[in-house]
Number of protein chains: 2
Amino acid sequence: MKEMAKLFKALSEDVRLRILGLLCQGELCVCDLMAVLDLPQSTISRHLSYLTNAGWLAGERRGVWMYYRLIDDGGDLQQDLMAVLIKHLAKLPAVARDYARLTQYLKTKNPSACG
Amino acid sequence: MKEMAKLFKALSEDVRLRILGLLCQGELCVCDLMAVLDLPQSTISRHLSYLTNAGWLAGERRGVWMYYRLIDDGGDLQQDLMAVLIKHLAKLPAVARDYARLTQYLKTKNPSACG
DNA sequence: GACACATATCCGCCTACACGGATATATTGA
DNA sequence: TCAATATATCCGTGTAGGCGGATATGTGTC
């Protein structure tokens, strides 16, 4: 019960939904998210911790960079919710704008950086 | 976006999940919920307001009593989420206990009361 | 109108957490 | 070891919202 509420609570915030939306496209590191969402590093990092702690993300360190990706082996409930998220997030205008900015960003990004 | 976060936020609290679980069985009035959940009236009423405002419930006055039921004509996202809730809430031990108490309560309840 | 009852709202108190700048930590490379 | 960079955490500030007793409001009955 607490666990279920915790899953939902993690989804109850705009920035976190935008992060999940972006990660539907594949893993990203903190600096990618900072660039695309245009938010301070501490804000991004805090939300990533929250999502990880709630069981939505997994982080992996590669050198100096931390890559985050969606967890695909959660419980039944979580998998059903993930399907709902994938289906509906992309429809949101704010998320569509983020996708566009991500595409643009990946094009111009220095290849020697994290990606 | 805000709307989506709002839907999820309403689901991020134990008491509200228990209320939704009970209402899956059909409409109930505030006094029913007080009896089954064993919580103060102000607490129940506050959560019902929250759920109604978030678009999860509809309330209807019948005489002195307010009956609440799940909304079945929400948007696409909401309907998908409702299906997930119906599927998973009943599995939770806390909700199963509430069902048992509801059954017991309905048996012993004075028929001249709200029901 | 006066009362009884169901429900909604108010109130003070308290915790969670959002924000973002400042600081601490971790890693790599010179 | 030191500097540079990426990330995590700390901090003070502000707001949302949980709690439940007290009070206000709405409704039916006499």
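Per chain, numbering begins at 1; letters A, B, ... match sequence-line order.
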**Asked** Would you find a donor on one side and an acceptor on the other, under 3.5 Å apart, between the side chain of B:Thr103 and the backbone of B:Tyr99?
**Response**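 At least one qualifying donor-acceptor pair exists.
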Proximal nucleotide (of [options]) relative to the [X] side chain:
X	options	result
B:Glu13	D:dG20, C:dT27, D:dC19	D:dC19
B:Pro40	C:dC19, C:dT27, D:dG21	D:dG21
A:Tyr68	D:dG20, D:dA6, D:dA8	D:dA8
B:Ser45	C:dA8, D:dA6, D:dT7	C:dA8

[X] [atom1] to [N] [atom2], straight-line distance once rounded to whole Å:
X	N	atom1	atom2	value
A:Met34	D:dA8	CE	P	11 Å
A:Ile19	C:dC19	CD1	C1'	14 Å
B:Arg62	C:dA6	CZ	C1'	14 Å
B:Leu37	D:dG18	CG	P	15 Å
B:Asn53	D:dG17	CG	C1'	13 Å
B:Glu27	C:dT7	CD	P	12 Å
A:Leu57	D:dT7	CG	P	14 Å
A:Met66	D:dT9	CE	C1'	14 Å

**Asked** Is any side-chain heavy atom of A:Leu70 less than 4.5 Å from a side-chain heavy atom of A:Cys24?
**Response**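 A side-chain contact exists here, since the closest heavy-atom pair is under 4.5 Å.
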**Prompt:** Under the 6.0 Å and 45° cation-pi test, does A:Arg61 pair with A:Tyr67?
**Reply:**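 No, A:Arg61 does not sit over the ring of A:Tyr67.
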**Prompt:** Are the charged groups of A:Glu60 and A:Arg69 less than 4.0 angstrom apart, N to O?
**Reply:**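 Yes.
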**Asked** So does B:Glu27 pair up with B:Arg62, basic N to acidic O under 4.0 Å?
**Response** yes
At under 4.0 Å, does any side-chain N or O of [X] touch on OP1 or OP2 of [N]?
X	N	value
B:Ser42	D:dG20	no
A:Arg46	C:dC19	yes
B:Lys9	D:dG17	yes
B:Ser49	C:dT9	yes

**Request:** For B:Val30 and for A:Leu39, locate the closest nucleotide of DNA chain C by heavy-atom distance; then report the residue assigned to the nucleotide nearer the 5' terminus.
**Result:**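 First, find each residue's nearest nucleotide; the 5'-ward one identifies B:Val30.
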**Residue mapping more 5' on DNA chain C - nearest nucleotide basis, A:Arg61 or A:His47** = A:His47
**Asked** Contact class for B:Arg16 (heavy atom, under 4.0 Å): base, sugar-phosphate, or nothing?
**Response**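 Here B:Arg16 touches the backbone only, sparing every base.
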**Request:** Find which nucleotide of DNA chain D each of B:Tyr50 and B:Gln41 is nearest to by heavy atoms, and output the residue with the more 5' nucleotide.
**Result:** B:Tyr50
